[in-house]
Amino acid sequence: MPIFHHLRQLQECAKHHSSVKQLHAHFIKLGLTQFLPLANTLSNVYAKSSRLQEALQVFDEMPHRDHVSWATILTALNQANFPNKTLSVFPSMFSLDSLLPDDFVFASLVKACANLGAIKQGKQVHANYLVSLFFDDDVIKSSLVDMYAKCGLPDDGRAVFNSIKLKNMASWTAIINGYARKGRKKEALELFLRVPQKNLFAWTALISGLVQSGNEVDAFGLFIEMRREGISIIDPLVLSSIVGASANIAMLELGKQVHGLTIGLGYESCLFISNALVDMYAKCSDIVAAKDVFCRMSRRDVVSWTSIIVGAAQHGRAEEALSLYDEMVSNGVKPNEVTFVGLIYACSHVGLVDKGRELFKSMVEHYGIRPCLQHYTCLLDLLGRSGYLDEAEDVINSMPFKPDEPTWAALLSACKHHGNAKMAIRIANHLLSLKPEEPSTYILLSNIYSSSSLWEHASKARHLLEGMEVKKEPGYSYIDFGRESQVFYAGEASNHMKDETFGLLKELDVEMRRRGYVPDTSCVLHNMEQQEKERQLFWHSERLAVAYGLLKSVPGTVIRIVKNLRVCGDCHTVLKLISDIVKREIVVRDAKRYHHFKDGKCSCNDFW
DNA sequence: CTAGGGTTAG
C-alpha cells in the first residue's frame, strides 16, 4: 500500500515540522498528486505548518477537488486569520466545482463569521445550515453557539445550545464565555456551576469573558478560586487573560505578581504570554519594564512589535517607536493596520508631519492596507496638531467614512490649541450633533466664545450647560503600592493621612505660586466665585493621590497614578511644577494617554 | 485526508 505509506509520511512531516517540500517534489515525480486524498493531505500539511501560500497553490493546481479539499482550504484560511477570505472564496465551491457545503464546510463558515463578528452573514449561514442535510449536527451547533456568543448575542446562542443533544465541553465553554463577555455574570455563573466537568477550559471561558466585559476584579477572584481548587494550569491561555486584566486595571504591583506566576509556571517565554506582558507593563505605565520583556523575547511576531511600538508612542517616546519600526521591518516582520495606528500616533506626538504622511502612504501603497476610520483620525490629528487645520478638515470631508465622535474631538482639540475659534465653533457643533449631552464640549465652546469676546454666546453655552442634568462621572485617581492601594475622589481625602496630605499640598501651593503659578479655572463647571473655583481645583483627585504618594512611597521612586477621566489643564500645570519642586518622576495614566512629569516637563508636550 | 470551545496589539 504505497499510498498509505505516503499519507503517513506526510503526517509525520506535519508532526516534526520537517521538510514537506521534498516529499512534495517526490510525489510530483511519481505522479501521485493526482490521487485526491494525497493532494488534500499535502495542502493540509502545508497549512498546518503555517505555509498558507503553498497550501493555496496545491489547492489551485488540483485538477479535481472534493469536499475535503474545500474544507481543508477554508480551515487553512481561518487559521491564518483571514476569515474574510474564507467567506469570499467559498462561493467558488459551487460556481467552480459544483459542490454544496458539507458539515465540515459549514463549521468553517460559521467560524469565519464568528471571528469577524459578522452576524448578518452568520445568520445566513445558519439559515442555510437549517435547510441542509446536516441540520442536526452537534459540532456545527456548538460553532453556532460560539458565533452568537462572539457577536454579542448570547441569548440566540442559548437557543442553539438548548437544542444540542449531546452537550460536550465545546458547547458549554462557548455559551459560558458568551454570557461572561457580555457582562451577564449571573447567567455565566449559573451555567458554570452546571458544567459537568469543571476543567481548565471551563474556568478559562468564564475568566476570559469577564476580563473582556471589564469585570477584572471578579475575574481575579475566580482565578484565585480556581487555583485554590487545585486546577493545574497545563495550558497558558488563562494566564494571558489574567495578564490582560492587570493591564486593564493598571495595577503595576499586581501585574508584577502575575508576571512572577507566569515565570513560576514556565510560560514566560510563550509568545502570546510575553506579548501580553509587554502590553501589561506599558499599560501599567512602566514602559521600561515593557521594553525589558520585549528585549528578552527570543521570538517576536507582529503583535510583539506592535505592542512595544504603540506603548512607546503612548508614553511619548516617538523617536523610539519609529526606530523600533525600522528594526521590525529589517527583521522581516510585516506591519499590520494596528502597527500604523501606533506609528502615525507617534509622528503626531512630535510633529513629524511629513514622516506621518509618508507612513500613511506606505501603509496603503506598500502594504496594501485599506485605512480605517481610526487611521484617518490619526492622520487628521497629526495635521491638526501641527497647525494644518484646513488640510485636517479636508481629510474629514474626503475620507470614505462618516466621522465619529473621536474624529471630531481630535480636530476640535487642534482648533483649540491653535486658537482657531471660527473652526472650533463649527466643529463643536458637529460634535454636539453626535453627542449632545457632553458637558466638556459645552465648557470648551463657552471658553472659546469668551476668548473671542463673544460674551452672549458664551453665556448661552454656560446656560445650556447648567440646564443640562450633568451626569458627569465622578473623577477619581488611585495609587498602588502593592501592599496597599488608595482611591481618591475629588474633594475628599478620607484616609488617615488627610491632614498630612492637605498640609503637603498647601506647602507645594505656596512654592508653586512663588514660581508664578496662576490657577487656570476655565475647566471648572459651575458658575462660582474665583476663590471657590480654585478651591475645587485644589482638591482634584490626582493631586491628592500624588501628595499621598509623596508621603508614603520610597524616596526617589517613580510615583504612578491612574485616573479615570482626563487630566485637566490646571492639574497638568501643577503636576509639572510638583515634579520639579520635589525632583520626582510622576506618571499619570488618564483616560486618554500617559503623562510622564519630570523636571517641570511632561512627555505629552502639553498637547493632549 | 477535512470541522466545534478558552488567546496577545488599537
Side-chain angles (χ1 to χ4, degrees), chain A residues 3-4 6-8 10-11 14 35-45 47-48 66-76 78 101-111 114 134 137-147 149-150 164 167-178 180-181 195 199-209 211-212 235-241 243-244 247 270-280 282-283 301-311 313-314 335-345 372 374-375 377-378:
Chain A
I3 286 294
F4 292 111
H6 292 314
L7 275 176
R8 201 164 308 125
L10 265 175
Q11 282 155 3
F35 180 60
L36 208 45
L38 201 55
N40 287 341
T41 308
L42 196 54
S43 155
N44 186 39
V45 170
K48 292 279 140 64
D66 63 0
H67 285 98
V68 178
S69 328
W70 278 96
T72 304
I73 211 66
L74 295 177
T75 303
N78 278 343
D102 68 354
D103 40 356
F104 286 78
V105 169
F106 271 121
S108 289
L109 295 174
V110 173
K111 192 182 168 127
F134 313 97
D137 186 288
D138 280 353
V139 173
I140 304 174
K141 281 182 188 171
S142 55
S143 305
L144 282 165
V145 175
D146 178 55
M147 182 201 79
K150 291 217 169 90
I164 299 177
K167 298 177 178 64
N168 61 7
M169 282 311 286
S171 35
W172 280 99
T173 52
I175 192 66
I176 290 169
N177 184 254
R181 70 161 66 204
V195 188
N199 61 13
L200 183 64
F201 279 7
W203 284 97
T204 307
L206 182 62
I207 292 170
S208 71
V211 174
Q212 278 171 310
D235 182 298
L237 283 158
V238 70
L239 292 176
S240 61
S241 284
V243 175
C270 170
L271 182 65
F272 64 78
I273 294 292
S274 336
N275 287 349
L277 286 169
V278 170
D279 180 55
M280 182 274 289
K283 291 219 170 89
D301 67 357
V302 62
V303 178
S304 334
W305 287 98
T306 303
S307 303
I308 195 69
I309 287 173
V310 169
Q314 287 179 331
N336 66 15
E337 66 281 6
V338 187
T339 321
F340 284 102
V341 171
L343 290 169
I344 302 169
Y345 183 86
C372 69
Q374 208 183 355
H375 293 113
T377 304
C378 283

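A, B, ... follow the sequence lines: proteins, then strands. Residue 1 opens every chain. Remember, predicted model here, so these are calculated numbers, not experimental data. No hydrogens, no waters, no symmetry mates; every other heavy atom, side chains included, goes into these values.
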> With sequence neighbours left out, what residues match A:Asp301 under side-chain contact (heavy atoms from CB on, under 4.5 Å)?
Replying inline: A:Leu271, A:Asn275, A:Val303, A:Ser304

> With A:Lys150, which residues qualify under salt bridge (Lys or Arg N to Asp or Glu O under 4.0 Å), at least two apart?
Replying inline: A:Asp146

> For residues 301-309 of chain A, which residues have at least one heavy atom under 4.0 Å from DNA chain B?
Replying inline: A:Val303, A:Thr306, A:Ser307

>> Once side-chain hydrogen bond (donor to acceptor under 3.5 Å, both in side chains) is applied, what residue pairs with a partner in residues 200-209 of chain A remain, sequence neighbours excluded?
In response: A:Asn177-A:Ser208

>> To check you understand the geometry: which heavy-atom pair defines the closest contact between A:Pro101 and A:Phe134, and what is its length?
In response: O-CE1, 3.5 Å

> What does A:Lys111 touch in the nucleic acid at a heavy-atom separation under 4.0 angstrom: a base, only the sugar-phosphate, or nothing?
Replying inline: sugar-phosphate

> Can you check whether A:Ala202's main-chain N or O pairs, donor with acceptor, with A:Asn199's side chain at less than 3.5 Å?
Replying inline: yes

> Across the strands shown, which category fits A:Lys167 at heavy-atom distances under 4.0 angstrom: base, sugar-phosphate, nothing?
Replying inline: nothing

>> I'd like the 5' and 3' limits of the part of DNA chain B contacted by chain A, with heavy-atom contacts below 4.0 Å.
In response: B:dC1 to B:dG10

>> Using the side-chain contact (heavy atoms from CB on, under 4.5 Å) criterion, which residues pair with A:Ser69? Sequence neighbours excluded.
In response: A:Leu36, A:Asn40, A:Phe59, A:Met62, A:Arg65, A:Asp66

> Which part of the nucleic acid, if any, lies within contact of A:Ser240, taking any heavy atom under 4.0 Å across all strands shown: a base, the sugar-phosphate backbone alone, or nothing?
Replying inline: sugar-phosphate

> Is a donor on one side and an acceptor on the other found under 3.5 Å between the side chain of A:Asn78 and the backbone of A:Ser108?
Replying inline: yes

> Hey, which of A:Val338, A:Val310, A:Ile309 is the one that makes side chain to side chain contact (heavy atoms under 4.5 Å, CB included) with A:Leu343?
Replying inline: A:Ile309

